[in-house]
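Report on one structure; see the data block that follows.
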2 protein chains.
Amino acid sequence: MPNDLDTVFAALADPTRRTILAMLLEDDMAVTDVAEPFEMSLAAISKHLVILTKAGLISQEKRGRVKWCKLEPDALRAASVWMQGFGQFEPVNLDAFERFLEVELPSDEA
Amino acid sequence: MPNDLDTVFAALADPTRRTILAMLLEDDMAVTDVAEPFEMSLAAISKHLVILTKAGLISQEKRGRVKWCKLEPDALRAASVWMQGFGQFEPVNLDAFERFLEVELPSDEA
DNA sequence: ACAAAGATCAACCAAAAGGTTGAATATGCG
DNA sequence: CGCATATTCAACCTTTTGGTTGATCTTTGT
């Protein structure tokens, strides 16, 4: 529901949150597992996940005592349209994107 | 030079700054003229322009006593690639972009 | 020379961001 | 039941952000 540009861009401005998104690109994850590679408290990661959820970039579903996080890439569409309006960039450059993932993902990437 | 994703997304997270970018899409502008439609001090706008400059999103060139601001859309490329990596969105939707401009631009749009 | 215009600087302020720790709340398991 | 696990809450702290105002500096026009 909340998919305002302010919120989305602000959520994307933090490297921890971008890394989390990249991790969720591979698979849905539980909060504890999302937190594992980071050198910060679980509570801090929990807050980051709230921010991502409010931006609509992920969704969280509780099953049992585990809360699963799922990427919601559609939330990026509006922001993507906004940005492309300025640049007329090449459609999709997956090579460049994978270079980002290598840099931004925690080293244990599979 | 500085074109780091943190800086670019943070710069885009503020509605005043996005509006400024949209204004500069039409034409280069002097700082005073950029500030005119906003209900905030010139100093505040000057700071916003510094942030946009540090993000590489605009450049500023002083000619005489006037400092001209110019959009630098290339700075958006990296961020755009990053975002598209998630979504595989439709290439460019100019209609959607112009809808943004109508919402975000100060009403005196020409 | 002087005054006005264009823009930034410096000091300040309130609110938001990003983190910590320790307690609380559910849920699952033996 | 009773304990461990999964996650959040609450209070707190520090730094950053976004704004203000008044002084300053440079350039232009008369």
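Nucleic acid contact for A/Arg63: none, since no nucleic acid atom lies under 4.0 Å from a heavy atom of the residue.
For B/Val31, whose side chain is taken as the heavy atoms from C-beta onward, the closest listed nucleotide among C/dG6, D/dG18, C/dT8 is C/dT8. Among the nucleotides D/dA11, C/dT8, C/dA7, the one closest to any side-chain atom of B/Thr32 is C/dA7. The A/Ala43 side chain lies nearest to D/dC9 when the options are D/dC9, D/dG18, D/dT21.
Partner of A/Thr53 under the side-chain hydrogen bond (donor to acceptor under 3.5 Å, both in side chains) criterion, chosen from A/Gln60, A/His48, A/Glu72: A/Gln60.
At a threshold of 4.5 Å between non-hydrogen side-chain atoms, the residues B/Ile20 and B/Leu24 count as touching.
Atom CD of A/Gln60 and atom P of D/dT7 are 9 Å apart (whole Å). Distance, B/His48 NE2 to C/dA7 P: 16 Å, rounded to whole Å. As rounded to whole Å, 13 Å separates atom P of D/dT8 from atom CD1 of A/Ile51. Distance, B/Phe9 CZ to D/dT17 P: 16 Å, rounded to whole Å. Atom CD1 of B/Ile45 is separated from atom P of C/dG6 by 16 Å (rounded to the nearest Å). Atom NZ of A/Lys67 is separated from atom P of C/dA26 by 13 Å (rounded to the nearest Å). What separates CE of B/Met40 from C1' of D/dT20 is a distance of 11 Å, to the nearest Å. Per the geometry, CG belonging to A/Asp6 stands 13 Å off C1' belonging to D/dG18, to the nearest Å.
Along DNA chain C, the nucleotide nearest B/Val50 and the nucleotide nearest A/Gly64 are compared for position; the residue whose nucleotide lies closer to the 5' end is B/Val50. In this structure, A/Asp14 and B/Lys62 both approach DNA chain C, and ranking their closest nucleotides by distance from the 5' end singles out B/Lys62.
Taking CG of B/Leu12 as the start and CG of A/Asp6 as the end, the distance is 10.5 Å to the nearest 0.5 Å. Between B/Arg65 atom CZ and B/Thr32 atom OG1 the span is 9.5 Å, to the nearest 0.5 Å.
Placement of A/Ile51 and A/Trp68 in two distinct hydrophobic clusters is found when ILVMFWY residues are connected by side-chain heavy-atom separations under 4.5 Å, directly or transitively.
Between A/Ser46 and D/dT8 there is a side-chain N or O to OP1 or OP2 distance below 4.0 Å. Distances shorter than 4.0 Å separate some side-chain N or O of A/Ser41 from OP1 or OP2 on C/dT20.
One can find a donor-acceptor pair under 3.5 Å joining the base of D/dT5 and the side-chain atoms of A/Arg65.
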